[in-house]
Every structure is written in structure tokens, then in C-alpha cells.
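For reference, the structure is listed below as C-alpha cells.
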Protein chains: 2
Amino acid sequence: MRLWLRLLTCANLIEAGIRRRLRAQFGITLPRFDLMAQLDRMAEGISLGELSRRMMVTNGNVTTIVDALVAQGLVARTPAPADRRTVLVRLTPEGRRHFRAMAMAYEGWIVDIFADLNPFEIDRLMALLGKAKESAAQALDDP
Amino acid sequence: MRLWLRLLTCANLIEAGIRRRLRAQFGITLPRFDLMAQLDRMAEGISLGELSRRMMVTNGNVTTIVDALVAQGLVARTPAPADRRTVLVRLTPEGRRHFRAMAMAYEGWIVDIFADLNPFEIDRLMALLGKAKESAAQALDDP
DNA sequence: TCGATTTGTTTTAGATTTGAAATATCCATG
DNA sequence: CATGGATATTTCAAATCTAAAACAAATCGA
């Protein structure tokens with residue numbers, strides 16, 4: 001029980017800090033940044049459904065965030081060639097430029113945030129969180 | 001970097017599962033449950049500001065959630081005797097009864113979720129998360 | 001005591017976020 | 001070819017959530 005509270009506290013603390021910096025330094029919100037991060041690796045564009053799966057949020061949520069980013073000219077919607085139901089989303093050249101600049105700063109923040117952990121501790125934490133994730137996924141699957 | 005993504009994924013996975021169960025089995029939302037959990041330990045009531053600090057959310061957010069719980073008759077606002085600015089919040093008898101039933105189930109879910117981790121691993125994870133939290137708090141403090 | 005600052009709460013505007021319902025399209029089967 | 005089920009996206013209503021502004025009350029120093 002205390003483990004869960006600490007996990008949540010830790011994640012929320014870092015998330016709040018990153019959110020604050022993204023807003024202060026780049027005027028962007030965290031979910032928009034996260035969505036752009038997914039798109040940065042997919043030059044050809046990916047579907048909204050695939051986006052929502054990767055980001056682990058609902059379809060409707062992705063639609064809203066993409067709407068906002070399209071309005072800002074940072075991403076573009078294009079119909080999928082094969083399937084008329086699906087819509088592909090990709091970064092615009094301007095969106096890519098913006099994202100690259102932000103991503104550089106972002107990585108620096110993360111390094112700073114975990115600066116007090118040595119490589120061994122990071123590996124161990126990765127492994128334990130991986131195991132916790134598996135355990136949780138299994139427990140939450142059935143009901 | 002990957003450590004941060006895994007931490008976030010793990011926390012979100014569990015949070016989503018708990019949110020789903022709270023809604024399905026008790027018809028309550030997670031933030032309302034979290035707020036009631038804070039109140040359960042404070043029979044005398046605590047101020048809204050203290051609540052927002054403990055829950056690590058903004059004051060305005062706490063106001064909204066308390067409004068909803070007051071409308072449901074689960075918590076009550078009372079003026080603080082010493083300071084006319086502050087408002088104390090406490091569980092109503094009905095709120096306490098409700099919460100106790102939910103908390104029992106909640107604890108069971110958490111136990112299940114971490115069932116695959118042995119006591120040693122849980123201790124280690126607690127310690128590493130504690131260290132990560134300290135590191136993050138320090139890194140996010142300055143700028 | 002007076003005024004400036006601090007503290008506690010609410011309000012407001014904007015942005016998520018979820019869950020469910022509605023639409024549109026695809027696909028497999030008969 | 002028609003149709004029922006599955007898939008992809010959008011829309012909608014309700015609830016959070018943040019940041020910033022607005023107020024109210026308390027506190028502290030001159």
C-alpha cells in the first residue's frame with residue numbers, strides 16, 4: 001500500500017515539474033508534447049488509434065489533442081491510402097523543428113532529475129518497475 | 001530517459017485500473033476517493049490548503065472536489081474556530097461509512113497488483129523510489 | 001496602529017480526460 | 001451481393017486539473 005502511494009507520488013512530482021517547465025520555456029502542454037514525441041519517430045505518420053494505444057489514453061482524447069496541434073500548425077492529418085476509416089497524423093516541418101528543440105531540453109531535465117541515482121540503481125529500478133508492471137497488468141486483466 | 005517512461009507507464013497503468021474499479025464497484029471517482037482517504041485519518045477535519053498540499057494538487061482543484069462531495073453528503077465544511085479565513089473539511093458519518101467499505105476493497109486490489117513482488121523486492125523498490133523522489137525534488141526545486 | 005506582505009479560499013478560463021454513444025468503413029460469411 | 005460483426009474516428013457530457021486572478025483575513029514591522 002505504501003509502495004503504491006510512493007510510486008504515485010514520485011511519478012506525479014516529476015510529471016508536475018516537467019509540465020511546469022514545458023509551459024514556462026516552450027508554451028506547450030505535456031499531452032501535446034507527448035503526442036508529438038510519438039509522431040517524431042514515425043515520419044510516415046500513424047493512425048489515431050495506434051496513437052491512443054501507445055499513449056494509453058482514449059480515442060476521444062487523442063482527437064482533441066490532435067485538433068489543438070493541427071490548429072497550431074504543428075501536425076497534419078492525412079487520409080490513409082488503404083483504409084478510408086483511418087486518419088494518419090504526422091508532424092509538419094515546423095512541428096518537427098519545434099519538437100526537436102524541446103526534446104533536447106526535455107532529455108536534459110530527465111538526466112538532472114535522476115542525477116542522484118547511479119547506473120546500477122537505475123538498472124535495478126528499471127527491472128523492479130518492469131516486474132511491477134507485469135504483475136499489475138496481470139492482476140488488472142481478469143475482472 | 002527510459003526509466004522515466006517506465007515509471008510513468010507503470011503508475012498510469014495501475015491508476016487507470018483502480019479508477020476503473022472504483023467507478024464500476026462503488027460509483028466514485030479516484031480524486032474523490034483520494035480526498036476522502038485524507039479525511040479519514042483526520043477526524044477533527046483539516047483545512048483546504050492542507051488538503052491541497054497533501055494531495056499535491058492546486059487549491060482550486062480541492063475546492064471543486066469538496067463541492068462535489070458536499071453535494072453528495074459525504075463530507076461537510078465547517079468554519080475554523082481560530083482563523084476566519086480557513087475552512088475545515090471532515091467526513092460525515094455517512095461519508096465515513098462509505099469510505100471504510102471502499103478502502104477495504106482498495107487495499108485488496110493493491111495487494112493483488114503487487115502480488116508478484118516478494119517482500120525484499122518491495123523494500124528495494126520503496127527505497128529506490130524514495131531516492132528517486134529526493135533526487136527529483138532537488139532537481140526541480142531550483143529553477 | 002497602519003500599511004505591506006503573507007496566507008487561505010474561491011473564481012475563472014483553458015486544456016485535458018474518461019466513458020459511452022454515434023458514425024463511417026471494412027471484412028468475412030453465406 | 002447482402003449483412004452482421006469488427007474496427008476507426010468523432011462527438012458528447014461530466015469530471016478533473018492547472019495557472020492565474022480576485023478576495024478576504026491574518027500577521028508583521030515601522
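So that the names make sense, note that chain A is the first sequence line, chain B the second, and so on, each numbered from 1.
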Between [N] ([atom2]) and [X] ([atom1]): distance, integer Å:
X: A:I46; N: D:dT7; atom1: CD1; atom2: P; answer: 19 Å
X: B:Q72; N: D:dA15; atom1: CD; atom2: C1'; answer: 11 Å
X: B:R54; N: C:dG8; atom1: CZ; atom2: P; answer: 14 Å
X: A:L22; N: C:dA15; atom1: CG; atom2: C1'; answer: 14 Å
X: B:R21; N: C:dG19; atom1: CZ; atom2: P; answer: 14 Å
X: B:R20; N: C:dT17; atom1: CZ; atom2: P; answer: 17 Å
X: A:M55; N: C:dT16; atom1: CE; atom2: C1'; answer: 11 Å
X: B:L51; N: C:dT7; atom1: CG; atom2: P; answer: 19 Å

Heavy atoms under 4.0 Å, any strand shown: does B:R19 hit a base, just sugar-phosphate, or nothing?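 B:R19: no heavy atom of the nucleic acid under 4.0 Å.
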
Does a distance-only test, which skips hydrogens and angles, find a donor-acceptor pair under 3.5 Å between the side chain of B:R85 and the base of C:dT7?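 Pair found.
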
A:R84 (side chain) and C:dT25 (base): donor-acceptor pair under 3.5 Å: no

Where is the tightest heavy-atom contact between B:I113 and A:A139, given as atom of each residue plus distance?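 Smallest heavy-atom distance, with atoms named: CA-CB, 3.7 Å.
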
State, to 0.1 Å, how close B:L140 and A:R20 come at their nearest heavy-atom pair, and which atoms those are.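 In terms of heavy atoms, the two residues are closest at O-NH2, 4.5 Å.
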
Please pick, from [options], the nucleotide with the shortest atom-to-atom distance to any side-chain atom of [X].
X: B:I65; options: D:dC17, C:dG19, D:dA25; value: D:dC17
X: B:T86; options: C:dT9, C:dA24, D:dA15; value: C:dT9
X: B:T29; options: D:dA8, C:dT16, D:dA15; value: D:dA15

For the residue pair B:E121 and B:R124, establish whether any side-chain heavy-atom pair is separated by less than 4.5 Å.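 Sidechains of B:R124 and B:E121: no contact.
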
Less than 4.5 Å apart, side chain to side chain, heavy atoms only: is that true for B:L48 and B:L88?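 Sidechains of B:L88 and B:L48: no contact.
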
In Å and rounded to the nearest 0.5 Å, what is the CE to CH2 distance from A:M102 to A:W109? 9.0 Å

Just by distance, do the side chain of B:R96 and the backbone of B:L91 share a donor-acceptor pair under 3.5 Å?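 Such a contact is absent between B:R96 side chain and B:L91 backbone.
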
Identify all pairs in which a protein N or O lies below 3.5 Å from an N or O of nucleotides 10-14 of chain C, and state each distance.
{"unit_1": "C:dT10", "atom_1": "OP1", "unit_2": "B:R77", "atom_2": "NE", "d": "3.4"}
{"unit_1": "C:dT10", "atom_1": "OP2", "unit_2": "B:T63", "atom_2": "OG1", "d": "3.0"}

Only counting residues at least two apart or in another chain, list the ones meeting ring pair (Phe, Tyr, Trp, His ring centres under 6.0 Å) with A:F33.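 With neighbours one apart ignored, the set is A:F99, A:Y106.
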
